[in-house]
Amino acid sequence: MIGGFWVELARSGREFYIPEGKKVLEVLFEAGVDVDYSCELGICGTCITRVISGIPEHHDSVLSEEEQAANDKVAICCCGCKTDRLVLDL
Ligand code: FES
């Protein structure tokens, strides 16, 4: 699912609900979280973030198949989540 899950930021403990139709990056940005991004299309790699737990659903064109399969990092501008919660190293 693209939306409809929780994102937890491990460094601050803040939690955000990502509603359907919204991107993780959008929600974090609107909440004033300092996130790096550029293309918002999954092609530049600027927003790649380490995943601490949860299984992301990859929709980027930056990570290799192997990297996507490892599920330890994700492009937050275009990812979904296969679990209820995604914990990010942010
Ligand atoms: S901002 Fe370019 S890949 Fe996410």
Side-chain angles (χ1 to χ4, degrees):
M1 48 192 162
I2 289 288
F5 57 89
W6 286 87
V7 161
E8 183 179 329
L9 307 187
R11 296 183 206 173
S12 61
R14 294 177 78 187
E15 296 184 356
F16 299 92
Y17 184 69
I18 314 298
E20 241 166 276
K22 279 259 192 181
K23 297 168 171 182
V24 174
L25 177 68
E26 254 182 297
V27 172
L28 297 184
F29 184 76
E30 285 170 12
V33 179
D34 192 17
V35 275
D36 287 337
Y37 67 95
S38 174
C39 72
E40 295 182 65
L41 295 169
I43 52 179
C44 73
T46 308
C47 72
I48 299 285
T49 301
R50 200 164 77 82
V51 173
I52 293 175
S53 71
I55 302 177
E57 189 178 283
H58 300 279
H59 294 285
D60 66 272
S61 322
V62 182
L63 299 174
S64 69
E65 252 177 60
E66 291 76 18
E67 286 174 321
Q68 290 192 351
N71 286 328
D72 59 358
K73 50 184 177 246
V74 70
I76 58 169
C77 69
C78 57
C79 72
C81 186
K82 294 179 177 167
T83 45
D84 290 344
R85 179 173 290 260
L86 196 58
V87 183
L88 298 173
D89 186 17
L90 280 175

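Note that the structure is predicted; figures quoted are calculated from it, not measured. Both ligands and their constituent atoms are indexed starting at 1 by order of listing. Sequential numbering from 1 along the given sequence is applied to the chain's residues.
- Protein heavy atom in closest approach to atom 3 (S) of ligand 1: Gly45 N, 3.2 Å.
- Contact detail for Gln68 and His58: the closest heavy-atom pair is O-NE2, 3.0 Å.
- The residue from Asp34, Thr49, Leu90 that alone fulfils the side-chain contact (heavy atoms from CB on, under 4.5 Å) condition with Leu28 is Leu90.
- When each atom of ligand 1 is checked for a heavy atom of Cys39 under 4.0 Å away, the hits are 1 (S), 2 (Fe), 3 (S).
- Contact annotation: the side chain of Ile18 never approaches that of Leu86 to less than 4.5 Å [non-hydrogen atoms, C-beta and beyond].
- Taken to the nearest 0.5 Å, the OG atom of Ser61 stands 8.5 Å off from the CG atom of Leu41.
- Every atom of ligand 1 with a heavy atom of Glu40 under 4.0 Å away is listed here by number and element: 1 (S), 2 (Fe).
- The Gly42 neighbourhood of ligand 1 comprises atoms 3 (S), with distances under 4.0 Å to a heavy atom of that residue.
- Taking backbone and side-chain atoms together, Cys47 has an N/O/S atom less than 2.8 Å away from atom 4 (Fe) of ligand 1.
- Here the NZ-CG distance, from Lys22 to Leu25, works out to 10.5 Å after rounding to the nearest 0.5 Å.
- Less than 4.0 angstrom separates some heavy atom of Ile43 from each of these atoms of ligand 1: 3 (S).
- When all heavy atoms of Val62 and Gly42 are compared, the closest pair comes out as CG2-O, 3.1 Å.
- Both the backbone and the side chain of Cys44 come within contact range of ligand 1, each with a heavy atom under 4.0 Å.
- The contact set between ligand 1 and Ser38, taken as ligand atoms under 4.0 Å from a residue heavy atom, comprises 1 (S).
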